[in-house]
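These notes concern the structure reproduced below.
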There are 2 protein chains.
Amino acid sequence: MVESTTTIYDVARVAGVSMATVSRVENGNANVKEKTRQKVLDAIAELDYRPNAIARGLASKRTTTVGVILPTITSPYFAAIARGIDDVASMYNYNVVLANSDNDEEKEAKVIESFLSKQVDGIVFMGSSLSESVRNQLVGARTPVVLAGTIDGDKELASVNIDYHLAALESTAKLLEHNKKVGYILGSLRDAENVERMVGYQEALEDAKVDFDESLVFEGNYSYENGRNLAQQLLDEKISAAVVSVDDVAVGLLNALQEKGIKVPEQFEIIAGSNSPLTQYSYPALTSVNQPLYDLGAVSMRLLTKLMLKEEVTDSQLILAHELIQRHSTK
Amino acid sequence: MVESTTTIYDVARVAGVSMATVSRVENGNANVKEKTRQKVLDAIAELDYRPNAIARGLASKRTTTVGVILPTITSPYFAAIARGIDDVASMYNYNVVLANSDNDEEKEAKVIESFLSKQVDGIVFMGSSLSESVRNQLVGARTPVVLAGTIDGDKELASVNIDYHLAALESTAKLLEHNKKVGYILGSLRDAENVERMVGYQEALEDAKVDFDESLVFEGNYSYENGRNLAQQLLDEKISAAVVSVDDVAVGLLNALQEKGIKVPEQFEIIAGSNSPLTQYSYPALTSVNQPLYDLGAVSMRLLTKLMLKEEVTDSQLILAHELIQRHSTK
DNA sequence: TTGTAGGCGTTATCAT
DNA sequence: ATGATAACGCCTACAA
């Protein structure tokens, strides 16, 4: 048996109709007599015909494919968002092309180029920061773009975010109830989202009439090891509670503190920032801000479909609600 | 400024050559005079021309895209593999289309259809089991396929796996050094990989002249909660050590045991099966079998490139080495 | 309701 | 070394 691709012409021949009719049947065009439709369907089944999406893409200029760029799929944080994106994408019959950027500007640029070249119908971009050049690349593209969990200061691009500012404020306020010195441990302040958190932290202090002390803020922490190493520094500063924006860091801190004999939450309170599964596995389980990550992805993708299908969108700068999940690392 | 796509013809016109020449330059064909090449390059830069990969795909029958199917990207296990796949894919200039199947046979079938329709150059399939129909679909495809961490009993499809059998045997043997009753906690026995583990477990018992006791085996456990719930059952069976193939379950068990006042590893030893970051974050950190997940993905993708480029492959059934990482949940 | 024919933007095969 | 000119497989007016 010769393995050559069967095309729409083959189906047409077998069904005894023209290829246009086959195309109509494939695309659910109503203008086809039921009897003809059946003949075509039979021929399709008989030949095991499968439309070539590439040819279709070339002719129709739509690929039903969206590109997704994220720092790394290995992070539970981005994986959760990606899952939300993927579910909604499948719901709308889009395929997802995934690319890891490692937060590297060059890779980001290269991936975007590649996506545009492949004629994706839309792009979801995630990155802890948005460089000027990448931003221009995205704005200049004729393809719809949505930023997920990524802040565009100029608000020119559509985006879906979580209210980091408010989350930080609330978390800090809660710890301030029982503590005088509340530390804040977060990632790089070059990332807009962390700046927002920082502002939230300061506002909470202000509300509680506590002076801001720079030495209680620890920037640039992302790993479990970072968290472990921070423990002693916090104790030296007489800090007795901390908001930790990255979960891995929070767990590292928790474990290191306990190894030093510090009781959590009795002697030290912790609020983690992402509510990843990690926070439930630690002992004691960590009180945590629940960022609706899956929803963030799902909503981003939904917004993108609207943009792609040219549906009306009233607000293209969305903010999702978060919540504080009380576990056992706070009093 | 009118936003119409600029094609290879536009470049040809501006450069004053034929489109064939532009195509040659684009594809690095040597048969182009240096001076001509430069003219073309200038025109490309001037017009900001970007080749249309869809048109190229249609004409060349190659899309430089591979499809990846996995149960869920949300699992750190599959995320690590996916990362390995993606890195090697980018290295070879392929894009990765990702699809979550949720281990659902229907979704798997649908996704494979969609991939084939999109003319992917190759497919990496991951699933805890391989149903007969999906297997046929894969075998019948004219597209190269590699199974990653998925066992095909008939060994007809190319695959890359970890030696679950040996890993289980070694882990069990280690626990048998200090314990009489060693439990085994694993996922569904309908999955080939778990059957392999089971056999390894039994062989280790045999080697140590310990009778196999069915009630020491706990099947179908995947979640943290499963692990927690198992703690009392294990203690009731007087089990004092267990190999736990899923890390989440291991952490759950660990935490629940400690809440009951059981000291790990003094009174109970645990070996986890996947060495995900979780095992390092728990307290005490879990001794764990290190499955080379990233490598599994990388090697799978490398094998796939060979298949796609029709390079010679001597062995298409690869087994990767694992190792036991000693931490603090074993004596 | 159905068929014809001209793209879509490349690659690739022949000529020249 | 370069240029015409068919494919590639489908969509979509436009005709019939």
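In this text the structure is predicted, and so the values were computed from the model without any measurement. So you know, we letter chains A, B, ... as the sequences are listed, proteins then strands, and number each from 1.
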Whole angstroms only, please: what is the CG-P distance between A:D10 and D:dC10? 9 Å
Taking the nucleotide of DNA chain C with the nearest heavy atom to each, does A:K33 or B:I54 sit closer to the 5' end? A:K33
Which is more 5' along DNA chain D, the nucleotide nearest B:G16 or the one nearest A:P51? Just name the residue. B:G16
Find out whether B:R83 and A:T72 are in side-chain contact, i.e. whether some heavy atom of one side chain is under 4.5 Å from a heavy atom of the other. yes
Tell me the interatomic distance from B:K118, atom NZ, to D:dG9, atom C1', rounded to whole angstroms. 16 Å
Atom CD of B:Q38 to atom P of D:dA1: distance rounded to whole Å? 17 Å
How about CZ on A:R50, more than 12 heavy atoms from neighbouring residues, nucleotides or ligands closer than 6.0 Å, or not? yes
Quick one, B:V97 with B:F115, criterion side chain to side chain contact (heavy atoms under 4.5 Å, CB included). Give me CA distance, side-chain angles, the key distance, then yes/no. CA-CA 8 Å; B:V97 190; B:F115 281 175; 3.7 Å; yes
Output the rounded distance in Å from CG (B:N31) to P (C:dT11). 16 Å
For the side chain of A:Y49, counting heavy atoms from C-beta on, which of D:dA4, D:dC10, C:dG3 is nearest? D:dC10
Of the non-hydrogen atoms in A:V32 and A:R24, which two are nearest, and what is the gap between them? CG2-CB, 3.7 Å
Counting any heavy atom closer than 4.0 Å, what does A:T21 reach on the DNA or RNA strands: base, sugar-phosphate only, or nothing? sugar-phosphate
Using atom names, set out every protein N or O paired with an N or O of nucleotides 6-8 of chain C below 3.5 Å, distance rounded to 0.1 Å.
unit_1	atom_1	unit_2	atom_2	d
C:dC8	O3'	A:K61	NZ	3.4
C:dC8	O2	A:A59	N	3.4

Please list, one pair per line, the donor and acceptor atoms closer than 3.5 Å that link side chains of residues 119-135 of chain B to other protein atoms, with sequence neighbours excluded.
unit_1	atom_1	unit_2	atom_2	d
B:D121	OD1	B:T63	N	3.1
B:D121	OD1	B:T63	OG1	3.3
B:D121	OD2	B:T63	N	3.2
B:D121	OD2	B:T64	N	2.6
B:S128	OG	B:N103	OD1	3.2
B:S128	OG	B:N103	ND2	3.2
B:S128	OG	B:D191	OD2	3.4
B:S131	OG	B:E105	OE2	3.2
B:S131	OG	B:V134	N	3.2
B:S133	OG	B:E105	OE2	3.1
B:R135	NE	B:D152	OD1	2.8
B:R135	NH2	B:D154	OD2	3.3
B:R135	NH2	B:E156	OE1	2.8

Starting from P on C:dT10, measure out to CG on B:N29 and report it in whole angstrom. 17 Å
Please evaluate the base of C:dG9 for a donor-acceptor partner in the side chain of B:R50 within a cut-off of under 3.5 Å? no
Whole-Å gap separating C1' (C:dT1) and CD (A:E34): 13 Å
In whole angstrom, give the distance that lies between atom CZ of B:R56 and atom C1' of D:dA7. 17 Å
Do B:S114 and A:N95 have side-chain N/O donor and acceptor atoms under 3.5 Å apart? yes
A:T36 side chain N/O closer than 4.0 Å to the phosphate oxygens (OP1, OP2) of C:dT2? yes
Listed partners of B:D42 passing side chain to side chain contact (heavy atoms under 4.5 Å, CB included), at least two apart: B:Q38
Distance check: side-chain N/O of B:S18 vs OP1/OP2 of D:dT2, anything under 4.0 Å? no
When rounded to whole Å, the CZ to P distance for the pair A:R62 and D:dG9 reads 22 Å
